[in-house]
Protein chains: 2
Amino acid sequence: MPPGDTHPRHVCSRCGEIHYLNPKIVTGCIPIWEDKVLLCRRAIEPRSGYWTLPAGFMENGESTQEGAVRETLEEANARVRIQGLYTLFNLPHIDQVYLLFRGQLLDLDFSPGPESSEVALFAEGEIPWEALAFPVVKETLEFYFDDRRKGRFHSRVGDIHRGTGGLGDYRMRLLMEED
Amino acid sequence: MPPGDTHPRHVCSRCGEIHYLNPKIVTGCIPIWEDKVLLCRRAIEPRSGYWTLPAGFMENGESTQEGAVRETLEEANARVRIQGLYTLFNLPHIDQVYLLFRGQLLDLDFSPGPESSEVALFAEGEIPWEALAFPVVKETLEFYFDDRRKGRFHSRVGDIHRGTGGLGDYRMRLLMEED
C-alpha cells in the first residue's frame, strides 16, 4: 500500500510505478429501426453463439457516446445517431460499468463485423430471450420495450450481483430515483 | 499492436502481459441539505484552495453509487443517500468520465477529510462561482439550481473539451436527448 493511500496497489518492482486497477467502462447502444432493435450474435467467447447489443470497452481519447458508435460500427457495420443514455449497470464482481445508450439506426446497410456471426433486427415478439448473452442485455431490452409501450423512455441505474450458479443466477437492483 | 487488436497497447517487455489503458471513472455527488449544497475546499493539487463537489476515482469491487458515498465520507466526513444519476461528463483530453449523483445529506455532522481544508454548505447565492475547482463542478451546479427552480431534475450527458488557454478555456456540449 503506497503511503497516503487507502488501498493496496500493483507497484512495478523495477521502476516503482503504481499501476492502478480501476473499473472499466463498457459502452454500447440499442440500435433502433422503427419497432425493431438490432442484435449481434457473438462469434467470440465469452458467450459465443448468443445474442447481444453492440458494446465494448471504451478507449482512451473518446467519449462514451463515440465509443458506443464505434462499437456498433465494429460489431455490426452499422451507423447510429446516439439519442440518450438509457441504462447504467454496475457489475462490481467483474469491475465493469456498462453504459447503454438509445441509438437511431441511420440505414439498413449492416452486416456482421469480425466479432459477430450474424446481425439482425428483432421486433419485441421475436427477441431470442433465452439466447441473450448477458443479464445487462436482457434487463435493458425489457426496460426498453416496457418504456416504449408506455410512450416515454427514462434512464435507469442498476447493480447486477451474480449468484453462485450459472449466468442466469443473478440479482438486479435498481437505484430508485427520488425528486 | 497485439494481433487482432485495433489499437497499440502497452505490452510488458518481461512477461508479454498487455496493460490496457482505459478511461477512468470519477464518481461523486451533490450533497444536498434543504436549499444548500455541500462543497469541499481542496487541500491537494490540482486546484488546491478551490471548491469542489466530493468525487474521486471509482475503485474495483464497488458500484458507482458506493464510490460516490465513499468519496463523500472521505473528503467531507459526510453521509449521503444517493438519489439518482445527475450528470455524466466525458473528459476525453484526460481520459476520464465524471459521474455525479444527487445525494441527500443525512445529518449536519461533517468536517474536512485529509484532502480538504474546509467543508461548508452553500445556498445558490453563496456559491463561490469564481473559485470552483473544475468545469464539471460549475456546469453541474448550474444545471442543479436551474432544475430546482423549474421543479424537476433530469440527468444530462455532456462532453467537455479543453481549449489551449487556462482552466476556464473550455467548451461544453450537451447530448440532446430525443424521444
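Order of the sequence lines sets the chain letters (A, B, ...), proteins ahead of strands, with each chain counted from 1. Values below: all heavy atoms of this structure, side chains included; hydrogens, waters and symmetry mates excluded.
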So, B:Glu178 and A:Arg81, do they make that salt bridge, N to O below 4.0 Å?
-> yes

Based on non-hydrogen pairs under 4.5 Å, which of A:Arg102, A:Gln104, A:Glu66 is most in contact with chain B?
-> A:Arg102

From the list A:Glu177, A:His154, A:Glu62, A:Glu74, the residue making the most non-hydrogen contacts under 4.5 Å with chain B is A:Glu177

Could you walk me through whether B:Val37 and B:Leu121 pass the side chain to side chain contact (heavy atoms under 4.5 Å, CB included) check?
-> CA-CA 5 Å; B:Val37 302; B:Leu121 288 171; over 6 Å; no

Best-contacting candidate, B:Val157, B:Ile25, B:Leu88, B:Thr64, against chain A by heavy atom pairs under 4.5 angstrom = B:Thr64

Pick from B:Pro23, B:Gly61, B:Gly151 with the largest number of heavy-atom pairs that fall under 4.5 Å of chain A = B:Pro23

Chi angles and distances behind the side chain to side chain contact (heavy atoms under 4.5 Å, CB included) call for A:Phe110, A:Arg79 | CA-CA 8 Å; A:Phe110 54 77; A:Arg79 284 143 299 280; 5.7 Å; no

Here the pair of heavy atoms bringing B:Trp129 nearest to B:Lys138 is CZ3-O, 3.9 Å

Mind ranking A:Leu99, A:Asp159, A:Asp95 by heavy-atom pairs under 4.5 Å with chain B and telling me who comes out on top?
-> A:Asp95

How about A:Phe143 and A:Phe153: are their ring centres within less than 6.0 Å of each other?
-> no

Checking heavy atoms, do the side chain of A:Phe89, its backbone, both or neither come under 4.5 Å from chain B?
-> neither

